[in-house]
Trainee: 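Structure incoming, see below.
Keep in mind that the numbers below use all heavy atoms, side chains included, and drop hydrogens, waters and symmetry copies. Note that the structure is a prediction, hence the values are computed from the model and not measured.
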Amino acid sequence: MKIVKRNIGKKRVSRKKTDEKKPDRIRLRIVLLGVFFGLCFCAVAAKAVYLHLFKGPWLAEMVDDQVKREVSSTGERGTIYDANMREMAVTVDVASIGAHPGKIDEPTDAARELAKALGLKSNEVLEDLKSDSPFVWIARHVSPDGVEKVRSLGMDGVVFKTEPGRFYPNKNMAGQVLGIAGIDGEGLEGLEFFYKAALKGKEVKFRVVRDALGRAFGLERGNGGEIRGNNIVLTIDRAVQYIVESALEEAVTENRGKSGIAIVMAPKTGAILALAHYPFFNPNKFREYSRFELRNRAISDPFEPGSTMKMFSAAAALESGVAGQYTKFDCEKGRYKIGRNVVHDTHPHEILSLEEIVKFSSNIGAAKLSERMGADKLYETLENFGFGRQTGIDCPGETSGLLWPARKWTRIDTAAISFGQGVSVSAIQLIAAVSAIANDGILMKPYIAQAVTDKNGALIEKFGPAPVRRAVSSETARIVAKILSTVPEEGGTGTQAALDGYKVCGKTGTAQKIGENGRYAKGRYVASFVGFVPLEDPALSILVVVDEPKKSIYGGTVSAPAFKKIALQTLTYLNIAPGGIRERLTAMQSAEGEDWIGGL
């Protein structure tokens with residue numbers, strides 16, 4: 001028992017010593033933890049000071065990259081107006097249809113229904129719906145009918161977005177001239193392309209601010225505001241354009257032609273009042289048309305002018321002094337041999353004056369004119385009238401036509417060119433050259449836009465008459481104009497272009513076309529009539545060209561009636577009175593001390 005008591009006493013002494021050391025250990029741990037956290041705090045503070053003082057700009061940039069995303073937006077495309085500020089091309093809000101592929105449960109069924117509603121191929125829609133992208137476009141710039149069909153499907157994952165789109169309120173009016181703008185607002189054809197820099201809206205950048213979950217909750221606008229594109233004001237008058245298109249359509253369809261071109265130009269300035277093509281082209285539905293129908297052929301397509309070239313051969317002969325208005329030429333009764341080649345006239349003639357050569361459209365007479373003046377003089381005059389080079393009109397894709405240098409001409413080449421074969425011209429070249437005769441011999445640069453204005457209508461840039469050169473002397477121009485006034489008179493080839501009260505000047509043309517084999521094709525012709533009115537003070541130059549007419553092939557019967565209709569309606573619209581009435585008005589207004597009332 002004693003031994004037991006002694007052991008217990010020892011244990012009590014040991015436990016007492018241990019209890020005395022425990023507070024010291026706790027204090028040590030607290031000190032160590034304090035030192036540790038103190039060091040951590042110092043390290044964090046030091047790092048914070050370092051980042052704040054030395055890495056501040058870098059941190060700000062990193063934050064921007066993480067919470068802000070820069071996007072760009074383009075201002076609305078400018079408007080194209082006619083000469084009287086009536087809209088020809090505008091920008092409107094249109095609907096586009098997209099989808100979130102991840103939210104569509106049955107892509108195959110959805111693709112089939114969407115394709116049916118929008119007239120698309122279901123396999124192409126399905127490919128989009130199976131995309132890994134969070135968003136895909138199904139169709140851009142959809143018609144209201146198409147949008148309604150898709151809405152009626154009530155399909156989850158399909159969204160409708162509003163975008164700016166190009167709209168042409170007059171449908172096919174001047175379609176080839178205006179051209180088209182793409183889905184993203186880029187000019188692709190016609191004036192939309194030529195003036196794309198002016199029409200396109202200015203690009204502006206934005207920063208999209210996102211929260212921690214990636215949700216956009218605000219826009220931070222960058223430098224500058226969104227700027228709308230500038231406007232273009234044309235020289236084209238919508239009313240005259242309608243007159244021309246109606247007459248051209250009638251001429252082509254009645255004569256079962258392939259196509260047609262008609263232009264009205266102010267000869268003293270070069271301003272284009274109307275430029276029409278048939279078949280028509282509606283830029284609102286440009287995907288439905290062929291490249292041929294879309295192209296501005298008056299600018300881009302050359303053709304052999306045929307007998308319209310005789311007026312310029314006559315001008316060359318007059319300018320060179322080798323013949324006068326009434327100089328006589330033997331026209332060989334309709335058959336004239338040049339080397340191994342024979343030149344024919346449609347109707348045989350014997351002796352004709354220079355004036356009659358043009359009036360009756362004698363090939364042989366024109367050939368003899370060219371022989372008398374020589375190839376060099378003929379080439380020089382044709383070049384002065386602008387043939388063989390671009391006019392510089394503000395339209396894309398202009399051809400220069402084809403006029404070989406005189407040194408390359410053979411004797412038969414010279415003769416053929418004098419009556420419009422072996423040379424090619426564009427419609428715009430031809431009417432510009434005729435307008436030079438109407439403008440006292442001065443060739444003007446044709447133009448189709450007269451001004452650029454800003455979104456508020458303030459003038460930015462103005463375009464106006466630009467003389468190119470003197471093509472022929474004033475005297476030569478007046479004589480040729482007088483000769484051309486005989487063509488619509490009795491016995492001339494253009495009687496169907498004659499107008500009561502107005503003296504019409506013009507020339508018919510009937511040119512056989514070159515076939516695919518490089519030879520003249522049987523039964524394929526270009527019928528044309530070009531001229532100006534009235535003789536006394538020319539206000540309008542007009543060209544009508546019908547390609548491959550079937551009912552009749554002659555310019556005097558195919559194109560001259562359309563010329564007449566265009567001239568009469570346009571003169572009436574512009575309040576240009578007939579010559580006789582104009583003289584009466586002038587006399588009445590100048591009568592001193594007399595009151596008068598015009599009951600005309």
Side-chain angles (χ1 to χ4, degrees), residues 252 255-261 290-292 295 297-313 331-348 357 361-371 375 378-379 382-383 387-389 399-427 429-430 493 507-530 543-559:
V252 176
N255 292 280
R256 302 195 302 275
K258 178 182 177 182
S259 63
I261 298 170
S290 67
R291 183 68 188 172
F292 173 81
R295 191 170 64 245
R297 302 186 302 280
I299 308 298
S300 63
D301 289 16
F303 61 95
E304 289 196 349
S307 294
T308 56
M309 189 60 64
K310 289 170 185 171
M311 71 175 87
F312 306 110
S313 298
C331 291
E332 309 288 347
K333 298 182 180 180
R335 190 177 187 278
Y336 181 50
K337 192 172 183 180
I338 299 178
R340 294 181 296 176
N341 301 282
V342 178
V343 177
H344 296 275
D345 277 339
T346 304
H347 303 288
I357 288 171
S361 198
S362 169
N363 292 340
I364 295 172
K368 290 206 168 187
L369 281 175
S370 69
E371 287 180 336
L378 178 58
Y379 174 81
L382 296 181
E383 190 180 41
F387 298 116
R389 63 179 68 182
T399 181
S400 59
L402 180 63
L403 179 64
W404 293 109
R407 65 179 181 274
K408 295 185 177 182
W409 297 1
T410 64
R411 185 184 173 199
I412 189 60
D413 289 336
T414 305
I417 290 170
S418 72
F419 52 79
Q421 292 185 346
V423 57
S424 66
V425 304
S426 67
Q429 281 179 329
L430 186 54
T493 59
K507 183 70 188 76
T508 56
T510 306
Q512 196 170 8
K513 293 181 67 175
I514 301 291
E516 289 73 16
N517 58 2
R519 298 182 179 182
Y520 287 104
K522 185 177 181 180
R524 297 174 61 187
Y525 293 87
V526 175
S528 59
F529 191 93
V530 63
L543 168 66
V544 179
V545 181
V546 176
D547 187 25
E548 296 189 24
K550 299 294 188 296
K551 183 178 178 181
S552 174
I553 64 170
Y554 298 108
T557 55
V558 174
S559 300

Trainee: Please report the interatomic distance SG(C331) to NE2(H347), rounded to the nearest 0.5 Å.
Mentor: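 It comes to 13.5 Å.
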
Trainee: Of all heavy-atom pairs between T557 and S552, which one has the smallest distance, and what is that distance?
Mentor: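 T557 and S552 have their closest heavy atoms at OG1-OG, 2.7 Å.
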
Trainee: Going through the distances and angles, do W404 and D413 end up as a side chain to side chain contact (heavy atoms under 4.5 Å, CB included)?
Mentor: CA-CA 10 Å; W404 293 109; D413 289 336; over 6 Å; no

Trainee: Out of curiosity, I364 CD1 to H344 NE2, how far, rounded to the nearest 0.5 Å?
Mentor: 8.0 Å

Trainee: Is any side-chain heavy atom of V342 closer than 4.5 Å to one of Y336?
Mentor: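 Answer no - side chains too far apart.
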
Trainee: Are any non-hydrogen side-chain atoms of S307 and T510 less than 4.5 angstrom apart?
Mentor: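 No, side chains not in contact.
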
Trainee: Nearest 0.5 Å, please: how far is CG in L430 from OG in S424?
Mentor: 11.5 Å

Trainee: What do the steps show when you test N363 against K310 for side chain to side chain contact (heavy atoms under 4.5 Å, CB included), and what is the final call?
Mentor: CA-CA 8 Å; N363 292 340; K310 289 170 185 171; 2.7 Å; yes

Trainee: Do other residues, nucleotides or ligands put more than 12 heavy atoms under 6.0 Å from the OH atom of Y554?
Mentor: no

Trainee: Measure the shortest side-chain to side-chain distance between I261 and L543 over non-hydrogen atoms and say whether it is less than 4.5 angstrom.
Mentor: no

Trainee: Check whether the side chains of S361 and K507 place a donor and an acceptor atom closer than 3.5 Å, and report yes or no.
Mentor: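 Yes.
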
Trainee: If we only count heavy atoms from C-beta on, is the V423 to Y379 side-chain gap below 4.5 Å?
Mentor: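 Not in contact.
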
Trainee: What closest approach, in Å, do G420 and P305 show between heavy atoms, and which atom pair accounts for it?
Mentor: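 Distance-wise, the nearest heavy atoms are O-CD, 3.5 Å.
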
Trainee: Start with the C-alpha gap between F529 and T493, add the side-chain angles, then the distance that decides, and say whether side chain to side chain contact (heavy atoms under 4.5 Å, CB included) holds.
Mentor: CA-CA 10 Å; F529 191 93; T493 59; over 6 Å; no

Trainee: Within the side chain of T508, is there an N or O that forms a donor-acceptor pair under 3.5 Å with the backbone of G555?
Mentor: no

Trainee: Taking everything shown except R411 itself, do over 12 heavy atoms lie less than 6.0 Å from its CZ?
Mentor: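 It does: R411 CZ has more than 12 such atoms within range.
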
Trainee: For the pair S313 (side chain) and S418 (backbone), establish whether a donor and an acceptor sit closer than 3.5 Å, ignoring hydrogens and angles.
Mentor: yes

Trainee: So, do L378 and W409 sit near enough that their side-chain heavy atoms are less than 4.5 Å apart?
Mentor: yes

Trainee: Closest approach of Q512 and E304, non-hydrogen atoms and distance?
Mentor: O-OE1, 3.8 Å

Trainee: Could you report the tightest heavy-atom contact between P302 and S300, atom names first, then the distance?
Mentor: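 Smallest interatomic distance, heavy atoms only, reads CD-O, 3.5 Å.
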
Trainee: Taking the side chain as everything from C-beta on, heavy atoms only, tell me whether V545 gets closer than 4.5 Å to V530.
Mentor: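 Result no, sub-4.5 Å side-chain heavy-atom pair not found.
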
Trainee: Using 0.5 Å steps for rounding, measure from the CZ atom of R389 to the CD atom of Q429.
Mentor: 10.0 Å

Trainee: Rounded to the nearest 0.5 Å, how far does CD1 of I417 lie from OG1 of T410?
Mentor: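 If we round to the nearest 0.5 Å, T410:OG1 and I417:CD1 are 8.5 Å apart.
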
Trainee: Salt-bridge test for K513 and D547: reply yes if a basic N is under 4.0 Å from a carboxylate O, no otherwise.
Mentor: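 Salt bridge flag = yes for D547 with K513.
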
Trainee: Can you give me the closest heavy-atom contact between L403 and G388, atom names plus distance?
Mentor: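 Of all heavy-atom pairs spanning L403 and G388, the closest is CB-CA, 3.9 Å.
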
Trainee: If you look at every heavy atom in M309 and L382, which pair is closest and at what distance?
Mentor: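 Between these two residues, the closest heavy atoms are SD-CD2, 3.5 Å.
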
Trainee: When rounded to the nearest 0.5 angstrom, what distance separates CZ in R335 from NZ in K337?
Mentor: 7.0 Å

Trainee: Look only at the side chain of S426 and the backbone of G401, and say whether a donor-acceptor pair between them is shorter than 3.5 Å.
Mentor: no

Trainee: Compare all side-chain heavy atoms of V558 with those of Y525 and state whether any distance is below 4.5 angstrom.
Mentor: no

Trainee: Tell me whether K333 at atom NZ has more than 12 heavy atoms from other residues, nucleotides or ligands lying less than 6.0 Å away.
Mentor: no

Trainee: Hey, mind stepping through I357 and K368 against side chain to side chain contact (heavy atoms under 4.5 Å, CB included) and telling me if it holds?
Mentor: CA-CA 10 Å; I357 288 171; K368 290 206 168 187; over 6 Å; no

